[in-house]
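Letters A, B, ... are given to chains in the order of the sequence lines, protein chains preceding strands, and every chain is numbered from 1. On a predicted model such as this, the values are computed, not experimentally measured, just so you know.
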2 protein chains.
Amino acid sequence: MATDDLMSKALAALDEVDGPMSVEVIHRLVDVSAATAPMTITEVADLLDMSPHTLRYYERIGLVEVARDASGHRSYDAKAVRRLVFLTRMRLSGMAMRDLQHYMRLADKGDDTVPERLDLLLEHRDTIRRQLKELTLSLAATEYKIATYGGHTGPSSDEEA
Amino acid sequence: MATDDLMSKALAALDEVDGPMSVEVIHRLVDVSAATAPMTITEVADLLDMSPHTLRYYERIGLVEVARDASGHRSYDAKAVRRLVFLTRMRLSGMAMRDLQHYMRLADKGDDTVPERLDLLLEHRDTIRRQLKELTLSLAATEYKIATYGGHTGPSSDEEA
DNA sequence: CTAGGAGTTCGAGCGCGCTCGAACGCAAGC
DNA sequence: GCTTGCGTTCGAGCGCGCTCGAACTCCTAG
């Protein structure tokens, strides 16, 4: 089973599945750029498919700053929402909270930190690539096992190897 | 950016990275089939790149049964090692402990449970496929962001969106 | 005036998958 | 005999990323 073989298998898999929510979510995230008016916590939560609890959590660990309205309620302006979209996207792709904190501290420091941020992104990209490769192998292994079961439905020769 | 475009990008990524350890680990796992003599806990731990602590943990949550030698030390026979290889592979591919427990309970019940186990595997395969798709999108998003930074190194137009 | 609902802060708790430490057992080597 | 080293059991702790509940405030509708 050559590596290229695995690749094509993985690709085929990707084509087969029409990601029920993931794709949709990302698309939704992309479209938020149009957001203008400040939003309430529940609106943002609904938009990003997360709980208000989590939004408050993100704020308290310093990932995002959020203004308050007259009565002390959070008011998410476009910038905050955009940042949360970015955060969500990165979290979805498996970036660790501590890395996001790091990244955001840099972002808050200004444009001088762009190169450093770029480094973080490049590193993250490599991480994703590694994950992709591992998952592809896992897929192959799982499909092999499935074939073992599906191939001959007789008694298993060796009790779960 | 069409989906096929993303696909090819992901594929290219897969080709670029030569997984420093993941591939190697899997290969090693595959080759263990030759194992014959009972092994000590540290030998198995070294083989599978995990700690003795973790091996004991796997045993105590019922994933695997391990015999003891005369002085009460664990003695991993070929069957146990094979099972651990399988477990490791599945864990690496992200199967949850509770699912593995379920699967192993079934395996211990005998061949009647093969269809049910097959279902679990099929489900897991779909999970991996979904993850692959999500990661591919994440990769695209990250590369887009990188391009944003790499493209023009001037002041960021909108402070981390 | 009162009840409801949405928001607030704060600190604690949870599920996962380990990870560790303390206290002990056993066999080999000096 | 005694240390060294590898193993044992048991229960507790940890890092992550939330998740929840209690107690409170504020605004609105009836």
Side-chain angles (χ1 to χ4, degrees), chain A residues 25 37-77 80-81 83-84 86-104 124 127 131 134 138, chain B residues 25 37-77 80-81 83-84 86-104 124 127 131 134 138:
Chain A
V25 165
M39 304 174 74
T40 70
I41 196 170
T42 7
E43 284 166 352
V44 177
D46 288 350
L47 181 73
L48 300 181
D49 260 344
M50 65 204 309
S51 74
H53 276 305
T54 304
L55 280 171
R56 292 189 201 102
Y57 168 69
Y58 278 17
E59 184 178 352
R60 94 179 138 186
I61 66 172
L63 287 180
V64 64
E65 275 181 35
V66 185
R68 305 300 147 113
D69 67 12
S71 51
H73 290 193
R74 283 171 180 79
S75 173
Y76 291 84
D77 61 10
V81 172
R83 179 174 277 215
L84 283 167
F86 176 74
L87 286 168
T88 303
R89 205 139 55 180
M90 285 304 158
R91 272 298 300 139
L92 274 183
S93 67
M95 188 178 266
M97 297 303 273
R98 73 180 65 254
D99 291 344
L100 283 174
Q101 287 175 306
H102 184 190
Y103 189 96
M104 286 315 178
H124 184 55
T127 303
Q131 289 174 353
E134 288 182 12
S138 297
Chain B
V25 165
M39 304 173 74
T40 69
I41 196 170
T42 6
E43 285 166 351
V44 177
D46 288 349
L47 181 72
L48 300 181
D49 259 344
M50 65 203 310
S51 74
H53 276 306
T54 305
L55 280 171
R56 292 189 201 101
Y57 169 68
Y58 278 18
E59 182 178 354
R60 92 179 141 189
I61 66 172
L63 286 179
V64 63
E65 275 181 36
V66 184
R68 306 299 149 113
D69 67 12
S71 51
H73 291 194
R74 284 171 179 78
S75 172
Y76 292 84
D77 61 11
V81 173
R83 177 174 278 213
L84 282 166
F86 176 74
L87 286 168
T88 303
R89 207 140 54 181
M90 285 304 159
R91 273 297 299 137
L92 273 183
S93 68
M95 188 180 267
M97 297 304 272
R98 73 180 63 254
D99 290 343
L100 283 174
Q101 287 175 306
H102 183 189
Y103 189 96
M104 286 315 177
H124 183 55
T127 303
Q131 289 173 353
E134 288 181 12
S138 297

Give a yes/no answer on whether the side chain of S51(B) brings an N or O atom under 4.0 Å of OP1 or OP2 in dC18(C). no
E59(A) has an atom CD; how far is it from atom P of dT19(D), in whole Å? 17 Å
Pairs under 3.5 Å (N/O, protein and nucleotides 20-26 of chain D):
none

According to side-chain hydrogen bond (donor to acceptor under 3.5 Å, both in side chains), who are the partners of T127(B), at least two apart in sequence or on a separate chain? none
Could you give the CD-to-P distance, from Q101(A) to dG17(D), as a whole number of Å? 9 Å
Measure the distance from OH on Y57(B) to P on dC14(D) and round it to the nearest whole Å. 17 Å
Check whether any side-chain N or O of Y58(A) sits under 4.0 Å from OP1 or OP2 of dC18(D), and answer yes or no. yes
Euclidean distance, atom CE of residue M39(A) to atom C1' of dG7(C) [Å, nearest integer]: 16 Å
Of I41(A) and A96(B), the one whose closest DNA chain C nucleotide lies more 5': I41(A)
OP1 or OP2 of dG7(D) sitting under 4.0 Å from any side-chain N/O of R74(B)? no
Between the main-chain N or O of R60(A) and the side-chain N or O of R56(A), is there a donor-acceptor pair closer than 3.5 Å? no
Residues at least two apart in sequence or cross-chain that pass side chain to side chain contact (heavy atoms under 4.5 Å, CB included) with H102(B), listed by chain then number, are R105(B), L106(B), E116(B), L120(B)
Can you list the residues that meet the salt bridge (Lys or Arg N to Asp or Glu O under 4.0 Å) rule with R68(A), with sequence neighbours excluded? E59(A)
Whole-Å distance separating the CG atom of D99(A) from the C1' atom of dG17(D): 14 Å
Rounded distance in Å - CG (L84(A)) to P (dC18(D)): 12 Å
On the nucleotide dG7(C), are OP1 or OP2 found under 4.0 Å from the side-chain N or O atoms that T42(A) carries? yes
Under the rule for side chain to side chain contact (heavy atoms under 4.5 Å, CB included), what residues qualify as partners of S75(A), not counting sequence neighbours? P38(A)
If the condition is side-chain hydrogen bond (donor to acceptor under 3.5 Å, both in side chains), which residues does S51(A) pass it with, not counting sequence neighbours? T54(A)
N/O (side chain, R91(A)) to phosphate O (OP1/OP2, dC18(D)) under 4.0 Å: yes
Can you check whether T40(B) has a side-chain N or O nearer than 4.0 Å to OP1 or OP2 of dC6(D)? no
If I take atom CD1 in residue I61(B) and atom P in nucleotide dT19(C), what distance separates them, rounded to the nearest angstrom? 13 Å
Measure the distance from CE on M97(B) to P on dT19(C) and round it to the nearest whole Å. 11 Å
Under a plain distance cut-off of 3.5 Å, with no hydrogens placed, do S93(B) and H124(B) share a side-chain donor-acceptor pair? yes
